[in-house]
J.: 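Before we start, here is the structure in question, set down as structure tokens.
Just so you know, ligand 1 is whichever comes first in the structure, and atom 1 is the first atom listed for that ligand. Start at 1 with the first residue, then count along the sequence.
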Amino acid sequence: MKIAIVCYPTFGGSGVVATELGLELARRGHEIHFITYSQPVRLALLNPNVYYHEVNVPEYPLFHFQPYELALSSKLVDMVKLYKIELLHVHYAIPHAYAGYMAKQMLKDEGINLPMVTTLHGTDITLVGNHPFYKTAVTFSINKSDFVTSVSQSLKEDTLKLFNIKNDIQVIPNFIELDKNTIDPSISCRRSVMANENERIITHISNFRKVKRIPDIIKIFYKIQQQIPAKLMMVGDGPEKEKAEFLCHELGIQDKVIFFGNSNEIDKILSYTDLFLLPSETESFGLAALEAMAWSVPVISTNSGGLPEVNFDGISGYLSDIGNTDEMAENALKILNDTTTLNKFKKNALSVAKQFDIEKILPLYEELYHKAINKFS
Ligand code: GMT
């Protein structure tokens with residue numbers, strides 16, 4: 001199949017899911033066209049069957065806001081015609097499903113029927129899409145998609161609760177490529193760069209937005225390091241980072257916390273990690289938790305959104321109510337205190353992650369694409 005994928009290319013779960021999905025489809029022989037405003041972070045272009053078409057938005061001083069949706073829909077129409085693309089898969093209702101619908105209409109005018117699959121990721125629904133200023137257009141875009149998927153059952157329920165949706169929503173969970181989880185021993189990253197032999201390594205990875213409750217991470221770690229020797233790896237960048245660094249200074253733990261910023265070495269960091277923290281206000285899925293589990297890292301998370309569908313309480317880690325940092329620290333210590341328990345949780349984390357193996361999830365997308373293309377042929 002010839003498929004166009006539209007996503008946000010930045011650091012963040014939805015862009016990662018879209019990129020990994022496209023790359024795996026390309027490995028399976030499909031022709032994949034990424035259409036977005038900059039090259040997705042995990043996209044290696046020198047792959048057979050992979051194309052990247054940049055959407056350029058010309059600056060014009062009269063415009064306070066440059067019309068990205070216009071440029072995107074235009075580019076979609078041009079690329080569909082040029083490469084004879086058969087299907088459009090947009091990740092995020094805002095503004096991609098909206099621009100996709102416009103492209104569909106323009107193509108229809110020329111006698112081309114382009115099926116559109118929209119995948120909802122969370123922020124486009126629970127955090128931004130729900131805003132009264134966007135809601136009408138988001139509802140319209142979801143209802144006008146030919147097929148809609150959501151990354152968890154919880155996100156599906158939220159979408160149906162928050163919007164007047166007439167379409168079916170199929171849950172296709174996020175996935176992980178387990179095969180690639182081996183570190184080449186010749187790569188010179190050693191555990192000793194991060195922590196001493198006797199210290200447990202605890203990690204958090206995100207875009208440091210408010211929804212991630214970054215201060216809770218510091219509070220949980222503060223309690224852990226009072227009981228056992230430990231180091232905290234803070235990976236990522238975003239608006240809450242400075243506050244977090246300040247809090248570490250206030251608590252006098254700055255020497256035990258490493259702030260990496262955005263890193264392309266997540267795999268190396270996770271391969272040495274003993275515990276992952278994700279105390280978010282909400283997560284439609286929690287891809288970062290799954291990525292940690294795929295490296296046999298147990299997870300301490302909240303029980304909000306789709307997290308209980310990924311992190312199994314008492315098995316791959318523990319889940320607590322939002323903001324209950326005392327309980328999260330106690331649970332972390334339960335896991336970290338002795339090596340036998342830690343190893344049991346590590347093993348469980350990996351076996352839960354295996355349920356989300358790309359080999360199991362990708363065929364669900366392929367089947368949906370076939371259904372979408374057949375609907376219009
Ligand atoms: O929250 C993030 O880290 C980024 C965000 C995004 O918009 O890319 O992630 C959302 O999509 C991911 C992939 O499906 C999910 O794993 C995240 O849980 C979801 N974030 C939220 O729901 C807050």
J.: Looking at the rings of His89 and Tyr365, which for Trp means the six-membered one, are their centres under 6.0 Å apart?
T.: yes

J.: For ligand 1, which atoms sit closer than 4.0 Å to a heavy atom of Asn207?
T.: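 Near Asn207, meaning under 4.0 Å from one of its heavy atoms, ligand 1 has 2 (C), 3 (O), 4 (C).
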
J.: Can you tell if the side chain of Pro279 reaches within under 4.5 Å of the side chain of Met328, non-hydrogen atoms only?
T.: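 Pro279 vs Met328: side chains touch.
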
J.: Which bit of Thr282 gets closer than 4.0 Å to ligand 1, counting heavy atoms only: side chain, backbone, both or neither?
T.: backbone

J.: For ligand 1 and Gly13, I'd like to know whether there is a polar contact (N/O to N/O, distance under 3.5 Å).
T.: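 Gly13 vs ligand 1: N/O contact under 3.5 Å present.
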
J.: Using a 4.0 Å cut-off to any heavy atom of Ser284, which atoms of ligand 1 qualify?
T.: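 Once the distances to Ser284 are compared, the set is 15 (C), 17 (C), 18 (O), 19 (C), 21 (C), 22 (O).
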
J.: Show every donor-acceptor pair shorter than 3.5 Å between a side-chain atom in residues 21-35 and any protein atom, with sequence neighbours excluded, or say none if there are none.
T.:
unit_1 : atom_1 : unit_2 : atom_2 : d
Glu24  : OE1    : Arg27  : NE     : 2.9
Glu24  : OE1    : Arg27  : NH2    : 3.0
Glu24  : OE2    : Arg28  : NE     : 3.1
Arg27  : NH2    : Glu177 : OE1    : 3.4
Arg28  : NH2    : Glu359 : OE1    : 3.2
His30  : ND1    : Met1   : N      : 3.0
His30  : NE2    : Glu366 : OE2    : 2.7
Glu31  : OE2    : His33  : NE2    : 2.8
His33  : ND1    : His53  : NE2    : 2.8

J.: Looking only at the aromatic ring of each residue, does the gap between the centers of Tyr98 and Tyr101 stay below 6.0 angstrom?
T.: no

J.: For Lys210, is the NZ atom crowded, meaning more than 12 foreign heavy atoms sit under 6.0 Å from it?
T.: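 Not buried by this count: 12 neighbours or fewer within 6.0 Å.
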
J.: Quickly, which of Leu82, Ile112, Asp109, Leu107 forms a side-chain contact (heavy atoms from CB on, under 4.5 Å) with Val77? Name it, please.
T.: Leu107

J.: Please could you name the atoms of ligand 1 that Asn174 approaches to less than 4.0 Å, counting only its heavy atoms?
T.: 13 (C), 14 (O), 16 (O)

J.: Below 4.0 angstrom from a heavy atom of Tyr92, which ligand 1 atoms are there? Numbered from 1 as shown, please.
T.: 6 (C), 7 (O)

J.: Do the charged groups of Arg213 and Glu281 touch, with an N to O distance under 4.0 Å?
T.: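 Here Arg213 pairs with Glu281 in a salt bridge, since their nearest N and O are under 4.0 Å apart.
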
J.: Heavy-atom pairs closer than 4.0 Å: do any link ligand 1 to the side chain of Val16, the backbone, both, or neither?
T.: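 It is neither part, as no heavy atom is under 4.0 Å.
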
J.: At less than 4.0 angstrom from any non-hydrogen atom of Arg209, what atoms of ligand 1 do you find?
T.: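 That gives atoms 1 (O), 2 (C), 3 (O), 4 (C), 5 (C) of ligand 1.
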
J.: Pairs of nitrogen or oxygen atoms closer than 3.5 Å, one from Phe285 and one from ligand 1: do any exist?
T.: yes

J.: Can you figure out which of Glu283, Lys212, His121 has its heavy atom closest to atom 14 (O) of ligand 1?
T.: His121

J.: Compare Leu307, Leu287, Thr119, Ile205 and give the one whose heavy atom is closest to atom 16 (O) of ligand 1.
T.: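 Shortest heavy-atom distance from atom 16 (O) of ligand 1: Leu287.
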
J.: Between Val151 and ligand 1, which part of the residue brings a heavy atom under 4.0 Å of the ligand: side chain, backbone, both or neither?
T.: side chain

J.: Compute the minimum heavy-atom distance from Tyr8 to ligand 1 and say whether it is under 4.0 Å.
T.: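 The answer is no: ligand 1 sits nowhere under 4.0 Å from a heavy atom of Tyr8.
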
J.: Please check if any side-chain donor atom of Thr341 sits under 3.5 Å from a side-chain acceptor atom of Asp338, or the reverse.
T.: yes

J.: With a 6.0 Å cut-off on the ring centroids, do Phe356 and Phe285 count as close?
T.: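 Yes, ring centres under 6.0 Å apart.
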
J.: Please list, one pair per line, the donor and acceptor atoms closer than 3.5 Å that link side chains of residues 227-255 to other protein atoms, with sequence neighbours excluded.
T.:
unit_1 : atom_1 : unit_2 : atom_2 : d
Lys231 : NZ     : Glu199 : OE1    : 3.2
Glu240 : OE1    : Lys243 : NZ     : 3.3

J.: Does the residue Glu281 have a heavy-atom contact with ligand 1, meaning some pair of atoms that are separated by less than 4.0 Å?
T.: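 Heavy atoms of Glu281 never come under 4.0 Å of ligand 1.
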
J.: Which of the numbered atoms in ligand 1 are under 4.0 angstrom from any heavy atom belonging to Ser14?
T.: 6 (C), 7 (O), 8 (O), 11 (O), 12 (C), 13 (C)

J.: Contact between Gly286 and ligand 1, counting heavy atoms under 4.0 Å?
T.: yes

